[in-house]
J.: 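This structure is in structure tokens; I'll ask about it shortly.
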Amino acid sequence: MRCPHCKNKAFIRSSEALSELTRKQYYQCSNIYCGHTFTAINI
Ligand SMILES: [Zn+2]
């Protein structure tokens, strides 16, 4: 997964199960000048 702002690599910081088939994943951009955090639903 890449940061939607700066296209740098983003790392999964945390994740939680929404159901047996879906997970919500919390990403943080590895670029310290950006620092964007975002979530993604992984099916
Ligand atoms: Zn970024």
Side-chain angles (χ1 to χ4, degrees):
M1 182 71 79
R2 291 193 173 271
C3 173
H5 279 276
C6 68
K7 310 303 182 205
N8 260 54
K9 216 171 182 186
F11 295 102
I12 299 172
R13 298 303 307 260
S14 180
S15 69
E16 65 179 277
L18 298 179
S19 74
E20 301 224 350
L21 296 173
T22 55
R23 294 192 73 78
K24 189 177 188 181
Q25 295 177 317
Y26 295 81
Y27 287 87
Q28 184 172 40
C29 180
S30 62
N31 177 2
I32 61 169
Y33 298 107
C34 170
H36 183 58
T37 55
F38 56 100
T39 60
I41 305 293
N42 201 325
I43 301 172

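Numbering of ligands and ligand atoms starts at 1, following listing order.
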J.: Within the 4.5 Å heavy-atom criterion, are L18 and I41 side-chain neighbours or not?
T.: yes
J.: Protein N/O/S atoms under 2.8 Å of the Zn ion (ligand 1)?
T.: C3 SG, C6 SG, C29 SG, C34 SG
J.: Nearest 0.5 angstrom please: C29 SG to R2 CZ, how far?
T.: 10.0 Å
J.: Hydrophobic cluster mates of M1, side-chain heavy atoms under 4.5 angstrom, ILVMFWY only, any path?
T.: I12, Y27, F38
J.: Could you give all pairs that pass the side-chain hydrogen bond (donor to acceptor under 3.5 Å, both in side chains) test and reach residues 28-43, with sequence neighbours left out?
T.: R13-Q28, Q25-N42
J.: S19: what forms a side-chain hydrogen bond (donor to acceptor under 3.5 Å, both in side chains) with it, not counting sequence neighbours?
T.: T22
